[in-house]
Amino acid sequence: MSESRSDRFPLGAGVRLADLAVDPYPIFAALRAAEPVTWVPEIQRWFLTRRDDILAVLRDPDLFTTDAPSTIRDMFGVHMMTTEGPAQIRYRRKCLPPFHASRLKTASLPPLVAEVERLVTELRSDNRRTGEVRTTVARPVALHSVLSVLGIPLSETERVSEWYEHFARALANFAGDPDLRAAGKGAADAFGRALEPMLTELERDPDGTLLSDLVCDHVDPLTAEEIRSNALIILFGGIETTESMIANAVWALLSHPEQLETVRSSGEALDLAIEETLRWEPAVQSAARHATRDTEVRGVPIARGEVVHCMLGAANRDPSHFENPDSFDVTRQNAGDHLSFAVGRHFCLGAPLARLETRVVIETLWAHCPGLRLDPDRPTAPYGYEFRKPATLWVEWKV
Ligand code: HEM
């Protein structure tokens with residue numbers, strides 16, 4: 001079957017994950033123009049690259065579902081991202097309050113600002129003129145924020161980071177390596193065991209964090225297992241993604257000094273500029289859906305059970321919606337129409353927090369690091385076909 005598909009979809013047959021990891025955008029442009037629905041034999045999945053097709057698929061959970069076997073369900077169990085319908089709505093509704101703008105402003109912003117100030121001060125200590133921002137600022141900020149929202153003590157940061165590494169490897173384990181799977185499941189179990197006493201303590205002494213709200217909820221409360229699974233997806237969803245979003249945003253702005261100047265001269269423009277960084281270089285490149293029955297997209301038959309990858313970075317550069325889509329333009333008025341947080345029922349729960357973290361990091365770097373620019377001796381660029389971020393992000397400033 002895949003042979004005849006390769007004949008029908010020659011561009012898809014030539015797609016290599018290794019090439020996507022380096023620079024997916026020319027590949028997306030070719031697919032969008034000539035094979036907008038294509039079969040990629042290397043991973044045995046469909047790729048969609050046109051924005052309107054992707055919108056249609058993500059808005060039709062009856063036909064294209066997340067409620068199917070996947071590494072993320074195998075690892076974390078059933079949670080909001082691996083279910084649909086009333087169960088998904090219930091999980092999401094229960095977990096949404098700390099991500100509302102008003103709660104973020106009162107509960108998350110002050111500790112976030114303090115933590116970013118601390119990290120940037122540390123970055124600049126000893127009269128240093130240069131520093132690496134991804135691992136010393138973006139990563140710890142993402143960890144600190146998501147642990148704080150959940151209500152997991154910050155003293156657990158190191159253990160969470162270790163578990164996270166196992167999760168990340170297990171979730172990318174499309175080849176089904178049993179050791180990677182076992183290590184990931186072991187980490188999820190260890191998280192579950194660590195969570196139990198935390199929940200008992202929060203039930204006794206509520207502190208207004210998400211886990212505290214969930215364990216003290218007496219109206220149709222989530223079971224301990226449901227709390228564990230949804231906490232895991234929030235934790236997993238909030239670390240590498242946000243670390244990458246922050247790193248990509250700083251990298252994109254510093255790679256375009258003239259545009260950075262436009263943003264710096266008007267505080268208002270920063271939010272729009274962050275949307276443009278999300279559009280131009282999204283941290284998460286795809287959203288996967290399983291066809292619930294035989295169907296078709298743009299006349300191409302898709303069989304029940306097959307997996308469709310909605311390529312979000314391709315939708316973000318669709319010329320039918322974005323003028324000069326490859327150019328980075330901080331004044332682009334429709335930048336916010338990007339699909340980097342997906343769309344529909346599974347629209348990213350943490351989007352408001354991730355945006356806030358990115359804004360605070362950029363503002364703090366500007367305030368404390370005059371003349372901030374990319375370190376010319378250590379050039380870098382985002383890399384990766386699923387999660388995209390620069391491996392390191394060295395910057396320099398004037399002392
Ligand atoms: C505080 C940070 C974040 C948290 C806590 C978080 C959490 C989540 C959760 C729980 C979901 C599932 C929502 C549902 O099914 O109802 C989700 C979906 C998603 N998130 Fe995030 N996220 C964060 C940051 C990000 C960032 C920075 C990006 C990319 C720029 C991102 C991209 C996505 C995408 C694309 C989806 C949809 C996946 C799909 O539909 O298949 N997230 N996020």
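Just so you know, ligand 1 is whichever comes first in the structure, and atom 1 is the first atom listed for that ligand.
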What's the shortest distance from [atom] to any protein heavy atom, and which residue and atom give it?
| atom | value |
| --- | --- |
| atom 5 (C) of ligand 1 | I234 O, 3.6 Å |
| atom 16 (O) of ligand 1 | R92 NH1, 2.7 Å |
| atom 12 (C) of ligand 1 | M81 SD, 3.5 Å |
| atom 2 (C) of ligand 1 | T242 OG1, 3.1 Å |
| atom 42 (N) of ligand 1 | C348 SG, 3.0 Å |
| atom 1 (C) of ligand 1 | L353 CD2, 3.5 Å |
| atom 8 (C) of ligand 1 | L349 N, 3.9 Å |

Numbering as shown, the atoms of ligand 1 that approach [X] to under 4.0 Å (heavy-atom distance):
| X | answer |
| --- | --- |
| M245 | 27 (C) |
| A354 | 27 (C) |
| L278 | 30 (C) |
| S340 | 29 (C), 30 (C), 32 (C), 35 (C) |
| L312 | 35 (C) |
| R345 | 16 (O) |

Determine the interplanar angle of the Y164 and F236 rings, folded into 0 to 90°, and report it as parallel if under 30°, tilted if 30 to 60°, perpendicular if over 60°. parallel

Is V149 touching ligand 1 with its side chain, its backbone, both, or neither, if touching means heavy atoms under 4.0 Å apart? neither

Relative to ligand 1, is M80 under 4.0 angstrom through side chain, backbone, both or neither, heavy atoms considered? both

Walk me through whether R159 and E162 qualify under salt bridge (charged side-chain N to carboxylate O under 4.0 Å, His left out). CA-CA 5 Å; R159 260 206 310 171; E162 281 166 24; over 6 Å; no

Mind checking whether [X] has an N or O less than 3.5 Å away from an N or O of ligand 1?
| X | value |
| --- | --- |
| G237 | yes |
| H346 | yes |
| Q88 | yes |
| E357 | no |
| R289 | yes |

Tell me the nearest of A351, A287, P61, G350 to atom 4 (C) of ligand 1, using heavy-atom distances.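 Heavy atom nearest to atom 4 (C) of ligand 1 belongs to G350.
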
Selected option - heavy-atom contact closest to atom 25 (C) of ligand 1, from L235, T241, I239, T66: T241

Would D74 and K185 count as a salt bridge (charged side-chain N to carboxylate O under 4.0 Å, His left out) if you check the C-alpha gap in whole Å, the side-chain angles of each, and the deciding distance to 0.1 Å? CA-CA 8 Å; D74 181 41; K185 285 190 90 68; 3.6 Å; yes

Geometric cation-pi criterion, R332 with F322: 6.0 Å, 45°: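 Not satisfied by the 6.0 Å and 45° rule.
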
Pair F328 + W280: ring centers closer than 6.0 Å: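 Aromatic pair counts; centres sit under 6.0 Å.
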
F76 ring center near F167 ring center (under 6.0 Å):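 Ring centroids of F76 and F167 are less than 6.0 Å from each other.
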
Answer yes or no: is there an ion pair linking R359 with E363, defined by an N-O contact shorter than 4.0 Å?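 Yes.
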
Flag if over 12 foreign heavy atoms under 6.0 Å of [atom1], [X]:
| X | atom1 | result |
| --- | --- | --- |
| R90 | CZ | yes |
| E158 | CD | no |
| R169 | CZ | yes |

Is [X] near ligand 1, meaning one of its heavy atoms is under 4.0 Å from it?
| X | result |
| --- | --- |
| P282 | no |
| N230 | no |
| H79 | no |

Mark yes or no for whether [X], through its side chain, and [Y], through its backbone, hold a donor-acceptor pair below 3.5 Å.
| X | Y | value |
| --- | --- | --- |
| W46 | C310 | no |
| T380 | L393 | no |
| T83 | H79 | no |

Residue among V308, D60, I302 satisfying side chain to side chain contact (heavy atoms under 4.5 Å, CB included) with T295: I302

Could you check K389 against Y383 for side-chain contact (heavy atoms from CB on, under 4.5 Å), going step by step and ending with a plain yes or no? CA-CA 5 Å; K389 61 173 183 291; Y383 177 88; over 6 Å; no

